[in-house]
Amino acid sequence: AQLSDSLVDLAGLGLNMTVVANADILTELAFGPMPVDSATISDTWHIFLLTNSGSGVSDAWIDSVQFLKDGIAQVNASGANQMSYVRNWTQTALDTTASYTNLTSHTVLGATATDQVYGVVNGQFTMDRTDVTKSNGETTVRTLSLAGAMTNFTVERYSNWHSGCPTTGTFTIEATLTVTPSAGSPIVSTWMFDISLVNGRALITTTESGVSFVASADLCTM
């Protein structure tokens, strides 16, 4: 459940996709409440760079958006019926003398039928997170590596893309957790998450060491 919640939080960060889907030329307003360091256009890509330091960490985001018409890239959104979105995010601890967390992630999404009532989103993401715990002279390192794929997420085009309620879609995630204590061998476990969404309700199958668990949850309301 905590992993699923964190993935939802991660997916919600970044550009305001409502602005993205409706604007011709994007500005830093598309990024939301935080001003960006730069907003440029390069080879039909709208590129945003944002850095921020606070709460003991330094964050850096690079978000890129491209509009397409029948597979042909164009600078403006006018007449576009497809959209590509790429995000790179790094979070680095400013103080490593105490317990800290570092992470990196890469997300690639492609949306089609963006000129219709419902758009379809497909994509992949990877994330590596390292948690270092220091206590009583001992150090424990937990490394979580995630690789996921989003398939045929059908979302109402006129709601926020990042929080729209999917009518259908599947999400598969492979997670590898490595725990390295101060003494002894690392402990490695691998988890598989298969998530199916229908009208905002998620059916989640979690598998580890050949044992599966099934749960369901209402993520949003149609």
Side-chain angles (χ1 to χ4, degrees), residues 1-15 48-64 84-111 121-135 138-153 162-163 166 169-197 202-217 219:
Q2 289 179 341
L3 176 59
S4 299
D5 289 344
S6 66
L7 290 173
V8 171
D9 291 340
L10 177 63
L13 294 171
L15 293 171
F48 298 80
L49 172 64
L50 169 62
T51 58
N52 183 55
S53 294
S55 301
V57 297
S58 175
D59 288 288
W61 296 270
I62 300 177
D63 281 1
S64 303
S84 297
Y85 171 60
V86 180
R87 143 163 291 207
N88 288 286
W89 175 29
T90 61
Q91 184 178 93
T92 306
L94 300 177
D95 180 9
T96 59
T97 61
S99 299
Y100 66 92
T101 298
N102 288 335
L103 67 83
T104 61
S105 72
H106 178 68
T107 302
V108 179
L109 300 176
V121 181
N122 291 274
Q124 302 83 37
F125 86 95
T126 59
M127 184 176 74
D128 294 301
R129 172 172 175 151
T130 300
D131 294 287
V132 179
T133 303
K134 299 185 179 185
S135 178
E138 295 186 350
T139 300
T140 302
V141 180
R142 292 176 175 83
T143 302
L144 176 65
S145 296
L146 301 174
M150 176 188 295
T151 305
N152 293 333
F153 262 53
H162 66 282
S163 62
T170 59
F171 202 8
T172 58
I173 308 163
E174 182 174 355
T176 300
L177 176 64
T178 303
V179 180
T180 305
S182 290
S185 301
I187 301 171
V188 181
S189 59
T190 301
W191 302 73
M192 292 294 300
F193 299 87
D194 292 293
I195 305 170
S196 297
L197 291 102
L203 178 64
I204 306 168
T205 301
T206 304
T207 305
E208 194 273 329
S209 298
V211 178
S212 294
F213 309 88
V214 178
S216 60
L219 299 184

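- With contacts defined as side-chain heavy-atom distances shorter than 4.5 Å, the pair N152/N122 qualifies.
- Residue M150 comes nearest to V121 through the heavy atom pair SD-CG1, 3.8 Å, listed as atom of the first residue, atom of the second, then distance.
- Between S196 and T170, the side chains place no donor N or O within less than 3.5 Å of an acceptor N or O (distance only, hydrogens not considered).
- Annotation: the span from T51 atom OG1 to W61 atom CH2 amounts to 8.5 Å, rounded to 0.5 Å.
- Atom-to-atom distance recorded for F193:CZ and I204:CD1 is 8.5 Å, nearest 0.5 angstrom.
- Looking at L203 and V214, their side chains come closer than 4.5 Å, going by heavy atoms from C-beta outward.
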Is there a side chain to side chain donor-acceptor pair (under 3.5 Å) between S145 and D128 once you walk through the steps?
CA-CA 5 Å; S145 296; D128 294 301; 2.8 Å; yes

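- Summarising the geometry of L109 relative to G123, their closest heavy-atom pair is CD2-CA, 3.9 Å, with the distance given to 0.1 Å.
- Counting all heavy atoms, side chain and backbone alike, P186 lies closest to T180 at CB-OG1, 3.8 Å.
- Rounding to the nearest 0.5 Å places CZ of R142 at 12.0 Å from OG1 of T130.
- Contact of the V179 side chain with the T140 side chain is registered, since non-hydrogen atoms from C-beta on lie closer than 4.5 Å.
- Applying the side chain to side chain donor-acceptor pair (under 3.5 Å) rule to N52 yields no partners; only residues at least two apart in sequence or on another chain are considered.
- With values rounded to the nearest 0.5 angstrom, L144 atom CG is found 5.5 Å from M127 atom CE.
- Side-chain atoms of N102 and T92 include no donor-acceptor pair closer than 3.5 Å.
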I would like to know whether I195 and I173 meet side chain to side chain contact (heavy atoms under 4.5 Å, CB included); could you show each step before the answer?
CA-CA 8 Å; I195 305 170; I173 308 163; 4.2 Å; yes

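- Atom CG in L103 sits 7.5 Å away from atom CG in D59 (nearest 0.5 Å).
- For T151, there are no side chain to side chain donor-acceptor pair (under 3.5 Å) partners, not counting sequence neighbours.
- For the salt bridge (charged side-chain N to carboxylate O under 4.0 Å, His left out) test, residues two or more places apart in sequence or in another chain that qualify with D131 are R129.
- Looking at heavy atoms from C-beta onward, Y100 lies out of side-chain contact with D95 at the 4.5 angstrom threshold.
- When side chains are defined from C-beta on, V86 counts as touching H106, because their heavy atoms get closer than 4.5 Å.
- In this structure, S84 contributes its side chain and G110 its backbone to no donor-acceptor pair below 3.5 Å.
- Here the OG-CG distance, from S216 to L197, works out to 11.5 Å after rounding to the nearest 0.5 Å.
- Put simply, the side chain of L146 reaches to within 4.5 Å of the side chain of F125, judged on heavy atoms.
- Considering every non-hydrogen atom in both P166 and F153, the closest pair reads CB-CD2, 4.1 Å.
- Across all their heavy atoms, K134 and S99 have their closest contact at N-OG, 2.9 Å.
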